[in-house]
A.B. asks: 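Just passing along the structure, written as structure tokens.
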Amino acid sequence: GFVEQYPQKWILGPKVVLNDNDDDTQDPLLDQVVIDIKEAEGGGLRLDTDEYTPKNIEYMQGVQSGMKEAAEALKTVNIPKNELASILLYNEALIEASTLFLEAALYDESHDEL
């Protein structure tokens with residue numbers, strides 16, 4: 001496996017079905033989190049996402065803490081170095097994506113209050 005540098009697209013979260021009819025009815029507050037990360041002109045990164053809902057923010061906080069815990073746990077596992085390097089690269093990229101999302105959500109919330 002590999003992680004593309006940029007642009008990156010992350011599609012995270014479950015598709016939630018609200019009834020037993022196996023149709024595509026979804027609760028919009030539990031929808032997937034879609035994040036596009038691109039290099040910004042002049043350096044840095046730019047994040048595009050649909051919206052920051054309380055459920056999405058809570059979900060991404062869980063993703064971030066889970067990836068940090070996984071990184072620590074991987075230090076104690078006997079995995080070949082080349083495989084571990086790929087796993088850690090993915091882990092670090094997902095931590096970065098979740099951090100960018102959460103920072104942008106916090107920024108968005110602080111400007112909504114103004």
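What you see below is based on every heavy atom in this structure, not just the backbone, and it leaves out hydrogens, waters and symmetry mates.
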A.B. asks: Show every salt bridge (Lys or Arg N to Asp or Glu O under 4.0 Å) that has at least one partner inside residues 57-72, sequence neighbours left out.
C.D. replies: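 As it turns out, the salt bridge (Lys or Arg N to Asp or Glu O under 4.0 Å) pairs with a partner in residues 57-72, which skip direct neighbours, are Glu72-Lys75.
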A.B. asks: In the structure I gave you, are the side-chain heavy atoms of Gln64 and Leu94 within less than 4.5 Å of one another anywhere?
C.D. replies: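 A side-chain contact under 4.5 Å is absent here.
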A.B. asks: For Thr49 versus Phe101, what's the shortest heavy-atom pair and its separation?
C.D. replies: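 Minimum heavy-atom separation between Thr49 and Phe101: OG1-CE1, 3.9 Å.
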A.B. asks: CG/Asp36 to CH2/Trp10 distance, rounded to the nearest 0.5 angstrom?
C.D. replies: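 The CG atom of Asp36 sits 12.0 Å away from the CH2 atom of Trp10.
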A.B. asks: Please report the interatomic distance CG(Asp48) to CD1(Ile37), rounded to the nearest 0.5 Å.
C.D. replies: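 Between Asp48 CG and Ile37 CD1, I get 10.0 Å after rounding to 0.5 Å.
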A.B. asks: Answer with yes or no whether the hydrophobic clustering places Met67 together with Ile79; edges join I, L, V, M, F, W, Y residues whose side-chain heavy atoms lie under 4.5 Å apart.
C.D. replies: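 Hydrophobic grouping puts Met67 apart from Ile79.
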A.B. asks: Do Tyr6 and Lys38 come within less than 4.5 Å of each other through their side chains, counting heavy atoms only?
C.D. replies: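 In short, these two side chains do not touch, never coming nearer than 4.5 Å.
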A.B. asks: To the nearest 0.5 Å, what is the distance between CD (Glu103) and OG1 (Thr99)?
C.D. replies: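 Rounded to the nearest 0.5 Å, the CD-OG1 separation comes to 6.0 Å.
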A.B. asks: For the atom pair OH (Tyr59) and OG1 (Thr53), what is the distance rounded to the nearest 0.5 Å?
C.D. replies: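 Those atoms lie 12.0 Å apart.
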A.B. asks: Should Val63 and Ile57 be regarded as members of a common hydrophobic cluster, given that ILVMFWY residues are connected when their side-chain heavy atoms come within less than 4.5 Å of each other, either directly or indirectly?
C.D. replies: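 Both belong to a single hydrophobic cluster.
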A.B. asks: Looking only at heavy atoms, which two atoms of Ala93 and Gln8 are closest? And how far apart?
C.D. replies: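 So the two residues come closest at CB-NE2, 4.4 Å.
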A.B. asks: If I compare all heavy atoms of Ile35 with all of Ala97, which pair ends up nearest, and what's the gap?
C.D. replies: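 Minimum heavy-atom contact is CD1-O, 4.2 Å.
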A.B. asks: Can Leu74 be reached from Leu89 by stepping across I, L, V, M, F, W or Y side chains whose heavy atoms are under 4.5 Å apart?
C.D. replies: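 In one cluster with Leu89: Leu74, no.
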A.B. asks: Transitive ILVMFWY cluster of Ile11 at side-chain heavy atoms under 4.5 Å: who else is in it?
C.D. replies: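 Other cluster members: Val34.
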A.B. asks: If Ile, Leu, Val, Met, Phe, Trp and Tyr residues are connected whenever their side-chain heavy atoms lie under 4.5 Å apart, and connections chain through other members, are Leu88 and Ile95 in the same group?
C.D. replies: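 No, Leu88 does not connect to Ile95 through the hydrophobic network.
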A.B. asks: When rounded to the nearest 0.5 angstrom, what distance separates CG in Leu84 from CG in Asn91?
C.D. replies: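 Rounded to the nearest 0.5 Å, the CG-CG separation comes out at 10.0 Å.
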